[in-house]
There are 2 protein chains.
Amino acid sequence: MAEPHELRQKGLRLTPQRELVLSAVRELGHATPEEVAEKVRRTHPGINLSTVYRNLETLENVGLVQHTHLGHGGATYHAAEELTHLHLVCGKCGSVGDAPIEVAANFVNALADDYGFKTDVTHFAVYGTCADCVLTDV
Amino acid sequence: MAEPHELRQKGLRLTPQRELVLSAVRELGHATPEEVAEKVRRTHPGINLSTVYRNLETLENVGLVQHTHLGHGGATYHAAEELTHLHLVCGKCGSVGDAPIEVAANFVNALADDYGFKTDVTHFAVYGTCADCVLTDV
DNA sequence: TAGGAAAGTGCGAATCTCTCGCAATTAGTA
DNA sequence: TACTAATTGCGAGAGATTCGCACTTTCCTA
């Protein structure tokens, strides 16, 4: 136990709520703040929604989690170490698929070369129609 | 004047509000519902915000306008015929640049070939850092 | 061309999501 | 152990969108 907790290494105080929020994000994979709160409440019923929002923001500032936009309005959070894929959101069925970021490598390079734009492909989802719905489509 | 109005062709009733919303979207290029309402109110002060929302949705259903997500929460609306470019949103300065959809052609094809996913590149913005901010960046 | 059904509008209330202020609590430090 | 600053809980508040409902308007039909 000589090594400091990862949260402490980032200069954050170690509170039960903070740890719970972080582990909830890690366990859930994709999660909205609301879902994180719900998950945390299973073991810690008293936790406040504001606290969840604030901790997600704090954890994002130190790089432990990141958010992406999968649709409509709400952001969804991921553990930073899992953000190695992009999201394929289907507009018909609402499913969220994954694809390795390498698929977008050429696209990212083209934007960098032609526009000097440095793209973060994981921040927004890729919207469209999934394979199943393309087939089902009338 | 023998040919029916484009709204009627789509099976919609022709109301002044509807026409105003549609032409506002066309004139504005990118616009949030709030901006559309503001624009319409210059000539038709009484129009209700609910009506704007409802008409945007209706017009989207018949394919005359489309919405995209440029950031945070709010959707922005475009006339369908103008959606020929993708949006490069800078996370630092908030600027929104354009790029022709052709830049994404390979990317779109790769997703189609590998995952059967039919991508609508214009629906979500492409997030990253614009050329100016990349230079300015420390 | 008048009459009426159905679509559309205005209005206000209700939701949902997220942010803020403030007082009480707690972690980490000396 | 005592102190200070960070953190939490809670309730209020802001912004965006949706909904119900009564009234109005469009457009089809006789």
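So that the names make sense, note that chain A is the first sequence line, chain B the second, and so on, each numbered from 1.
Under the salt bridge (Lys or Arg N to Asp or Glu O under 4.0 Å) criterion, B:E81 pairs with B:R26, not counting sequence neighbours. Here A:E19 pairs with A:H5, A:L7, A:L14 under the side chain to side chain contact (heavy atoms under 4.5 Å, CB included) rule; sequence neighbours left out. When the side chain to side chain donor-acceptor pair (under 3.5 Å) test is applied to A:S50, the partners found at least two apart in sequence or on another chain are A:N48. For B:R18, the side chain to side chain donor-acceptor pair (under 3.5 Å) partners at least two apart in sequence or on another chain are B:N55. Residues forming a side chain to side chain donor-acceptor pair (under 3.5 Å) with B:H85 (at least two apart in sequence, or on another chain): B:H87. Residues satisfying the side chain to side chain donor-acceptor pair (under 3.5 Å) criterion with B:T58, sequence neighbours excluded, are absent altogether. With sequence neighbours excluded, the residues forming a salt bridge (Lys or Arg N to Asp or Glu O under 4.0 Å) with B:E27 are B:K39, listed by chain and number.
D:dG9 atom C1' lies 13 Å from atom NE2 of A:H44, rounded to whole Å. Taking atom CD1 of A:I47 as the reference point, atom C1' of D:dG9 lies 10 Å away to the nearest angstrom. Here D:dT8 presents its P atom at 14 Å from CZ of A:R41, a figure rounded to the nearest Å.
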(message) Output one letter per nucleotide in nucleotides 25-30 of chain D: B when a protein non-hydrogen atom lies under 4.0 Å from the base, S when only the sugar-phosphate is that close, - when neither is.
(response) -BSS--
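Sorted pairs that involve residues 63-79 of chain B and meet salt bridge (charged side-chain N to carboxylate O under 4.0 Å, His left out), not counting sequence neighbours, are lacking altogether.
Each end of the helix from C:dT1-D:dA30 to C:dA30-D:dT1 gets its own axis from five base pairs, and the two axes differ in direction by 30°, given to 10 degrees.
The OG1 atom of A:T51 sits 10.5 Å away from atom CG of A:L56, with the distance rounded to the nearest 0.5 Å.
Contact annotation for A:L49: no contact, since no heavy-atom pair falls under 4.0 Å across all strands.
The side chain to side chain donor-acceptor pair (under 3.5 Å) with B:T68 is formed by just one residue from the set B:T122, B:T76, B:D120; it is B:T76.
The aromatic ring centres of B:H78 and B:H30 sit less than 6.0 Å apart.
Protein chain B touches strand DNA chain C; the 5'-most and 3'-most nucleotides with an atom under 4.0 angstrom of its non-hydrogen atoms are C:dA6 to C:dG12.
B:E82 places no side-chain N or O within 3.5 Å of a backbone atom of B:A79 that could act as its donor or acceptor partner. Put simply, the side chain of B:Q17 never gets that close to the backbone of B:I47: no donor and acceptor are under 3.5 Å apart.
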Are there any protein N/O atoms within less than 3.5 Å of an N/O atom in nucleotides 11-16 of chain D, and if so, which ones and at what distance?
unit_1, atom_1, unit_2, atom_2, d
D:dG11, O6, A:S50, OG, 3.2

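Comparing B:P33 and B:R54 along DNA chain D, the residue whose closest nucleotide (by nearest heavy atom) sits nearer the 5' end is B:P33.
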